[in-house]
Number of protein chains: 2
Amino acid sequence: MKTTGDQFLVKKINKSIVLDTIRDQSPISRAAVSKMTGLNKGTVSSLVAELINNEFVLEIGTGKSSGGRKPVMLLFHETAGYAIGVELGVAKIRTILTNLNGEMVEEASRKLARTEIEYVTQELFAAIQSMIDLTPPSRYGIVGIGIGVPGIVDETGRILFAPNLQWENMDLNALISEHFQLPVTIDNEANAGAVGEQQYGAGRDAANIVYISVSEGIGTGIIFGRELFRGAAGLSGEMGHMTIEANGRKCRCGNKGCWELYASTSSHPQYDFDTLVQMSASGEADGIRGFYEMGEYLGIGISTIINTFNPELIIIGNQMMRAERWITSAIQQTVATRSLSYHRKHSSIRFAQLETRSTLLGAAYYAISGFFSKDRASLAETM
Amino acid sequence: MKTTGDQFLVKKINKSIVLDTIRDQSPISRAAVSKMTGLNKGTVSSLVAELINNEFVLEIGTGKSSGGRKPVMLLFHETAGYAIGVELGVAKIRTILTNLNGEMVEEASRKLARTEIEYVTQELFAAIQSMIDLTPPSRYGIVGIGIGVPGIVDETGRILFAPNLQWENMDLNALISEHFQLPVTIDNEANAGAVGEQQYGAGRDAANIVYISVSEGIGTGIIFGRELFRGAAGLSGEMGHMTIEANGRKCRCGNKGCWELYASTSSHPQYDFDTLVQMSASGEADGIRGFYEMGEYLGIGISTIINTFNPELIIIGNQMMRAERWITSAIQQTVATRSLSYHRKHSSIRFAQLETRSTLLGAAYYAISGFFSKDRASLAETM
DNA sequence: TTTACTTAGTTTAATCAATAGACAAACTAA
DNA sequence: TTAGTTTGTCTATTGATTAAACTAAGTAAA
């Protein structure tokens, strides 16, 4: 059943437009919000009054006059609540605490000695609890927890398969949300990274982004029309397993010639990634050649992505960023020869701006956006 | 500037929900519409009254009582207007006339002797005019023209590049819409085919579809969340040029090892497509083997599509449909070994249900949906 | 035939959100 | 001092939905 329209829907739409405008443009006056949104001045006044009442917006005194009465400047109240972002890796758990603007206020990391579920969940509980303990007092407190994991996650937050952790079919979402009694969002590490870069990093102005997380495997997060794409079952974006050599090496996924066998950090036949970085940094030809070849293969996959999606922006993130200066030209050259010219003109390639925090900040954003997009029933309570 | 909410928006939303419900479920009573949509009985009554007034809906007498007053059954008035769908091919122009339900009422085809722009546009004008001449009288007449073309089209309907017609950068939309003074939508043939199958064919219940148009090249139309995906500049879906052999044959697009070099109807090194069909039909091993290999390569690309998009449905259309019985098992087997099991479970592969009319019906649907989704300003005039 | 009960559809009064426009407040500039 | 401008609030109006009453028109059982 489609949601029908009524006045509550109208108010919800307009209230979130006003709040978004204030958040993006603050400090801003009521009059300016009215002009920008096209909403009537009176409407803006009344919605702002409610937002102030709920502490989502603050007045911070008058601004400069432009020939008439001085405007009262409004600010998004970024510390009315906090969000927790978690990145569950194979060897460590990283956590951050952000305000409602996605600005980091605390950060921590703890090593994981093993990968058994019981041990890891205990460590997760402890890591999250320590962030909660560090949270300053605020109106809404912790508004939610977002978690990025290295594996396939369905739409409900169940981890279907995490090869590196050797987990299968595990309902992490239920576990965490029951323990902390807070809203929890769990997603693939690449999806979270894509969202992080889109909200706070290299993709802030782009509507269509493909984020490529390159480490031991290759994961992708696809954003269309400013929204993360999820396939039929919430799965998607496993482009690391697209075929680029029809009769290439065998992959553990069952396929042959998968992209990640040729372009991930573990794809070099001889040296591991750390060694390659060291060699290249000290100018050794073998290292530089190794990265050049990886860059070419990355370019092959990126060309397919450009022809398929024609995204405004392709962002390369995760471990492979450390090789930026040795792979960039190989990628660019390969893409220049292999992608369709009409598409290439509209696509550019960049490296992640948030460096190693794309996933963490994206995870925190899941919690923040979940808080602000609650459905009508729960909105009525808080807003 | 985001569209803000007001009561006109609410009415527009609800009116289109009511109309959609009647169209999908007709014949249906007002009471049933109210139950299905959750809208108040009075609201439904008043919206239906307006729809009847505008001849979008008809009353067709009473239905069966279920223990009380007999319901008045409502019907979507499918002949209140007509749409024209056009498929511009290399050797011919095909045209159909449909009612507002996308049901074909006229069909025609005319051969193209040459591909020069002047000649082809004259033929297009004549082909469309002959459909207009055949249109029965109705309240709204021809509501629009949709055209599917073999090439890259931008969001405004400008043909950027049509290799088979040898056209470049041509504003076909302006040409046609000025000549007939009607709304015109122009899109790539594969996108139109995807929309056709989604609305009227194999994909009617699916939200996420990838339509693969396989003829001399391979084009794809991607539908997410019941909406056609368009990339940054309205371009997208040129998956025929994804790399499946990193060092494969040279393609005219500049890339090497493009999918369409191995899996299109023109990909056999020795025989042309018609010959292969004939050979296979008469049981010749060479023909059957040829199709088996094509099926394998199709399967390779489809596996990548499954891993990338995890669509509910993959639809194979256009010329390659004629080889359905010889390629199906090769495709299925290849996909079974090459795609990720978690994704494969949620994806199924079918052939186009509208046969050779996917593109034509999709093009007509562009015109119909354009008519029903006019913006508020023009809606006020007609509705 | 009568009576009780159902279902369909309309009408009416109430609610509520946005809007236009009047108005007050506070400022600039001549 | 005065005229004009900008900001923000207040008020009456509009219009869409809704709940609930009401009318219409049937079924079913005593």
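Note on naming: letters A, B, ... go to the chains in the order of the sequence lines (proteins, then strands), and numbering restarts at 1 for each one.
- Of all nucleotides listed (C:dA18, C:dA8, C:dA25), C:dA8 comes nearest to the side chain of B:Lys35.
- Within 4.0 Å (heavy atoms only), A:Ser29 reaches sugar-phosphate atoms of the nucleic acid but no base atom.
- Residue B:Leu47 places its side chain closer to D:dT17 than to any other of D:dA24, C:dT10, D:dT17.
- Checking C:dG9, C:dA18, D:dG8 against the side-chain heavy atoms of B:Pro71 singles out C:dG9 as nearest.
- Phosphate contact (OP1/OP2 of D:dA16, side-chain N/O of B:Asn14, threshold under 4.0 Å): absent.
- Remark: B:Thr43 is in phosphate contact with D:dT18, judged by side-chain N or O atoms under 4.0 Å from OP1 or OP2.
- No contact: B:Val44 has no heavy atom under 4.0 Å from any strand.
- Remark: A:Arg30 is not in phosphate contact with D:dT6, judged by side-chain N or O atoms under 4.0 Å from OP1 or OP2.
- Under a 3.5 Å cut-off, the side chain of A:Glu197 and the backbone N or O of A:Leu354 do form a donor-acceptor pair.
- Side chain A:Arg69 to base D:dT7: a donor-acceptor pair is found below 3.5 Å.
- Contact annotation: A:Asn40 side-chain N/O to C:dA20 OP1/OP2 distance is under 4.0 Å.
- Side-chain N/O atoms of B:Ser66 include none lying less than 4.0 angstrom from OP1 or OP2 on C:dT7.
- Taking the side chain of B:Gln7 as heavy atoms from C-beta on, and the options C:dA18, D:dT14, C:dA20, the nearest nucleotide is D:dT14.
- When the side-chain nitrogen and oxygen atoms of A:Lys41 are compared with OP1 and OP2 of D:dG8, none of them lie within a distance under 4.0 Å.
- Base pairing of C:dA30: its partner is D:dT1, meeting the Watson-Crick or G-U wobble criterion (both donor-acceptor distances under 3.5 Å).
- At D:dT5, none of the side-chain N or O atoms of A:Ser65 fall inside 4.0 Å of OP1 or OP2 (strictly under the cut-off).
- Mapping A:Ser46 and A:Gly67 onto DNA chain C via the closest heavy atom, the residue that lands nearer the 5' end is A:Ser46.
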